[in-house]
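First up is the structure itself, then whatever we jot down about it.
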Amino acid sequence: MKSLQGVESTLFIPLAARVFASKKFPEYFYDEKSLAMEKYIPGDTIREKSSEYAFMASVARYYNMDNMVKSFISKHRKCNIVYLGAGLETAYYRLNNPSTLFYEVDLPEVIDIRRSILGEHENEILLDGDMFDTVWIDKINAALPSLLIVSGVFQYFTEEKVVRFITDIRAGLKGAELIFDATNETGIKYANRYVRKTGNTGALMHFYVNDSIDFARKTGTVLIEERVFFTDARKVLAKKLGFYTRIAMRIVDNKKRAIILHLKIN
């Protein structure tokens, strides 16, 4: 397998988180495919340097986004679900909906690894290229409603680049919806501290959102929903989580340090 550096190497961190939660808290999040992929996680560095909270923050993002995607599929039935910067995302297997077209877009070297590990299925289309170069839009079935999911990606780029990207989407894929996660300015500082701890100093983060309504206005989109990460995790798991994790989750939710935005692209 090719060795990935910088941003691309972060595809193994969320995989490790999904494995962790599936083993320890299957009542909240269970991902059979990720468990089967555990052998691909390189070394023990990620496990040794990741706290329970860090893993649960990653998994809470998947938990919430899965539910939002399910709602979109339920509303539209036949539709496009497009994962941008997909990495080793296993939502295709978790959601398991044959009436839906799944697209996964990522850099060529990442798609090569994804294809070698996960293959490609009948209603799944792998597209290699830079997600910010929106030529991939031409390969999407524009006749169907489209939901774009950007999970754990925007943070690594500047606000200017993210805003320009959303503007390009508006021009090329009218009526689509976009789901992505973001931290506020304080949250990005804590996130970078974690990234440094895992030794991945080539993937520091830059983009943050302090005001969802203002960001929607800035991108010419409509804010459908703003969602904090841990509402259900705190209810389902309660005192099964460590004390520090419970405190951190409450603070992050109350101060909106980590949120998921759902935008309508006019």
Side-chain angles (χ1 to χ4, degrees), residues 7 9-68 85 87-91 93-94 149-156 179-205 208-209 227-260:
V7 174
S9 66
T10 61
L11 84 170
F12 293 109
I13 296 175
L15 173 59
R18 296 196 301 271
V19 169
F20 171 85
S22 297
K23 288 182 174 181
K24 193 169 183 180
F25 304 117
E27 66 271 42
Y28 173 68
F29 181 88
Y30 184 77
D31 188 333
E32 184 176 359
K33 193 66 177 179
S34 286
L35 287 171
M37 295 164 60
E38 182 178 11
K39 61 187 177 183
Y40 296 108
I41 300 172
D44 297 317
T45 302
I46 295 172
R47 299 181 188 89
E48 292 171 355
K49 296 186 177 181
S50 298
S51 66
E52 180 185 68
Y53 169 77
F55 275 157
M56 292 307 297
S58 181
V59 167
R61 181 174 62 201
Y62 292 112
Y63 172 90
N64 284 289
M65 288 185 172
D66 280 0
N67 286 337
M68 296 164 87
L88 295 178
E89 169 62 84
T90 47
Y93 303 90
R94 295 195 302 272
I149 300 98
V150 184
S151 176
V153 175
F154 280 160
Q155 291 90 334
Y156 299 103
I179 293 172
F180 68 93
D181 61 299
T183 63
N184 64 13
E185 192 170 1
T186 300
I188 211 77
K189 294 176 183 177
Y190 283 97
N192 277 330
R193 185 182 301 173
Y194 167 65
V195 170
R196 289 189 183 96
K197 189 177 180 181
T198 62
N200 192 16
T201 55
L204 295 178
M205 305 180 194
Y208 57 86
V209 174
R227 181 184 296 206
V228 294
F229 270 37
F230 301 114
T231 302
D232 286 354
R234 291 165 64 194
K235 291 177 182 176
V236 173
L237 300 177
K239 292 187 178 181
K240 292 180 181 179
L241 296 163
F243 177 74
Y244 168 80
T245 302
R246 299 199 307 271
I247 294 298
M249 283 180 170
R250 186 171 74 235
I251 291 172
V252 168
D253 276 358
N254 289 345
K255 295 183 178 295
K256 294 186 178 180
R257 287 184 181 169
I259 57 174
I260 296 172

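Throughout, numbering of the chain's residues begins at 1 and tracks the sequence.
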- Mind listing the closest non-hydrogen atom pair of Pro26 and Lys24 along with its distance? CD-C, 3.4 Å

- Query: side-chain hydrogen bond (donor to acceptor under 3.5 Å, both in side chains) with Lys33: which residues, sequence neighbours excluded?
  - Reply: none

- Sorted by chain and number, sequence neighbours left out, side-chain hydrogen bond (donor to acceptor under 3.5 Å, both in side chains) with Asp66 holds for Arg94

- Task: Give a yes or no on whether the backbone of Tyr93 and the side-chain of Thr90 come within a donor-acceptor separation of less than 3.5 Å.
- Result: no

- Do the side chains of Val236 and Tyr28 get nearer than 4.5 Å, heavy atoms only? yes

- Message: Going by the rule side-chain hydrogen bond (donor to acceptor under 3.5 Å, both in side chains), which residues pair with Thr183 if we only count those two or more places apart in sequence or in a different chain?
- Response: none

- Query: Residues two or more places apart in sequence or in another chain: which of them pass side-chain hydrogen bond (donor to acceptor under 3.5 Å, both in side chains) with Tyr53?
  - Reply: none

- For Val19, side chain to side chain contact (heavy atoms under 4.5 Å, CB included) partners two or more places apart: Leu15, Lys23, Ser34, Leu35, Glu38, Ile41

- Does any donor atom in the side chain of Ser22 or Asp31 lie under 3.5 Å from an acceptor atom in the other side chain? no

- Task: Dump the intermediate steps for side-chain contact (heavy atoms from CB on, under 4.5 Å) on Phe230 and Asp253, then the final yes or no.
- Result: CA-CA 7 Å; Phe230 301 114; Asp253 276 358; 3.2 Å; yes

- Decide yes or no for Ile179 and Val150: does some side-chain heavy atom of the first lie under 4.5 Å from some side-chain heavy atom of the second? no

Side chains of residues 238-252: which donor-acceptor partners sit under 3.5 Å, not counting sequence neighbours?
unit_1: Lys240; atom_1: NZ; unit_2: Glu27; atom_2: OE2; d: 2.7
unit_1: Thr245; atom_1: OG1; unit_2: Glu52; atom_2: OE1; d: 2.5
unit_1: Arg246; atom_1: NH1; unit_2: Leu241; atom_2: O; d: 2.7

Table please: side-chain donor-acceptor pairs of residues 55-65 below 3.5 Å, with sequence neighbours left out.
unit_1: Arg61; atom_1: NE; unit_2: Ser151; atom_2: OG; d: 3.1
unit_1: Arg61; atom_1: NH1; unit_2: Asp181; atom_2: OD2; d: 3.4
unit_1: Tyr62; atom_1: OH; unit_2: Arg18; atom_2: NH1; d: 3.2
unit_1: Tyr63; atom_1: OH; unit_2: Asp232; atom_2: OD2; d: 2.7
unit_1: Asn64; atom_1: OD1; unit_2: Arg227; atom_2: NH1; d: 3.3
unit_1: Asn64; atom_1: ND2; unit_2: Ala60; atom_2: O; d: 2.8
unit_1: Asn64; atom_1: ND2; unit_2: Phe229; atom_2: O; d: 2.8

- Heavy-atom closest pair, residues Ala54 and Ser51: N-OG, 3.0 Å

- Message: Glu32: which residues meet the side chain to side chain contact (heavy atoms under 4.5 Å, CB included) condition with it, sequence neighbours left out?
- Response: Tyr30

